[in-house]
Peer 1: 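Here it is, the structure, as structure tokens.
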Amino acid sequence: QVHLVESGGGLVQPGESLRLSCTASGTIFSISDMGWYRQVPGKQLELVASLTSGGSAIYGDSVKGRFTISRDDAKNSLYLQMNSLKPEDTAVYYCHADIPSGFGGYLEVWGQGTLVTVSS
């Protein structure tokens, strides 16, 4: 089985920064798209940022200019640098990865989530 494990969440004050990490483990030969999503209770899952294996990034409108997504394929890892955090960034953040399984097939894997709380 393939697993994603997130880390780096915590409690911070508005304006501070956090760096989230996600590492994939298991039998992995390559990873296609990876991304971060977040969810607030009572709301739909929201795209934060995604990054293809070719380096193309997409950001949600609410985080543009503040968050930066990156990946290290040698470590099967994904990162999210979050700066100028706001209370509305409070959510559970989930890592997602598309892992090629052969002949165009993909295994979609989600992490367990890490909680980010921004409060004064």
Peer 1: Provide the closest heavy-atom pair for S17 versus N83 in the form atom of the first, atom of the second, distance.
Peer 2: OG-OD1, 2.9 Å

Peer 1: As an exercise, state the distance from CG of L45 to CH2 of W110, rounded to the nearest 0.5 Å.
Peer 2: 5.0 Å

Peer 1: Mind checking the OG1-CE spacing from T52 to M34? Nearest 0.5 Å is all I need.
Peer 2: 12.0 Å

Peer 1: To check you understand the geometry: which heavy-atom pair defines the closest contact between V109 and V2, and what is its length?
Peer 2: CG1-O, 3.7 Å

Peer 1: Side chain of T114, backbone of G9: donor and acceptor closer than 3.5 Å?
Peer 2: yes

Peer 1: Between S120 and P14, which heavy-atom pair has the shortest distance, and what is it?
Peer 2: N-CD, 3.7 Å

Peer 1: Which atom names give the shortest non-hydrogen contact between G8 and L20, and what distance separates them?
Peer 2: C-CD2, 3.5 Å

Peer 1: If every non-hydrogen atom of L115 is compared with every non-hydrogen atom of A91, which pair is closest and at what distance?
Peer 2: CD1-O, 3.6 Å

Peer 1: Could you work out, with side-chain hydrogen bond (donor to acceptor under 3.5 Å, both in side chains) as the rule, every residue matching S77, not counting sequence neighbours?
Peer 2: T23

Peer 1: Test K75 against S21 for side chain to side chain contact (heavy atoms under 4.5 Å, CB included), laying out the working first.
Peer 2: CA-CA 11 Å; K75 298 180 179 180; S21 298; over 6 Å; no

Peer 1: Indicate if V92 and V48 have the same hydrophobic cluster label, given that clusters are the connected sets of ILVMFWY residues with side-chain heavy-atom separations under 4.5 angstrom.
Peer 2: no

Peer 1: Could you please spell out the steps behind the side chain to side chain contact (heavy atoms under 4.5 Å, CB included) verdict for L78 and I31?
Peer 2: CA-CA 11 Å; L78 180 73; I31 301 178; over 6 Å; no

Peer 1: When rounded to the nearest 0.5 angstrom, what distance separates CD1 in I69 from CG in L51?
Peer 2: 5.0 Å

Peer 1: So, does E6 use its side chain to make a donor-acceptor pair with the main chain of Q112 at under 3.5 Å?
Peer 2: yes

Peer 1: May I ask you to decide if the ring planes of H96 and Y37 are parallel, tilted or perpendicular, using 30° and 60° as cut-offs?
Peer 2: perpendicular

Peer 1: Does V118 offer a backbone N or O that forms a donor-acceptor pair with the side chain of T90 under 3.5 Å?
Peer 2: yes

Peer 1: How long is the gap from CG on D98 to OG on S30, to the nearest 0.5 Å?
Peer 2: 11.0 Å

Peer 1: Find the distance between OG (S101) and CZ (F29) and round it off to the nearest 0.5 Å.
Peer 2: 12.0 Å

Peer 1: Less than 4.5 Å apart, any side-chain heavy atom of V63 and any of W36?
Peer 2: no

Peer 1: In plain terms, say whether D89 and K86 are close enough for a salt bridge, that is, a side-chain N and a carboxylate O under 4.0 Å apart.
Peer 2: no

Peer 1: Does CD belonging to E88 count more than 12 external heavy atoms closer than 6.0 Å?
Peer 2: yes

Peer 1: Can you name the closest pair of heavy atoms from E46 and S62 and give their distance?
Peer 2: OE2-OG, 3.4 Å

Peer 1: Would a 4.5 Å heavy-atom cut-off, applied to side chains only, mark T68 and Y59 as touching?
Peer 2: yes

Peer 1: Is there a path from F67 to L47 through hydrophobic residues (I, L, V, M, F, W, Y) whose side chains come within less than 4.5 Å of each other?
Peer 2: no

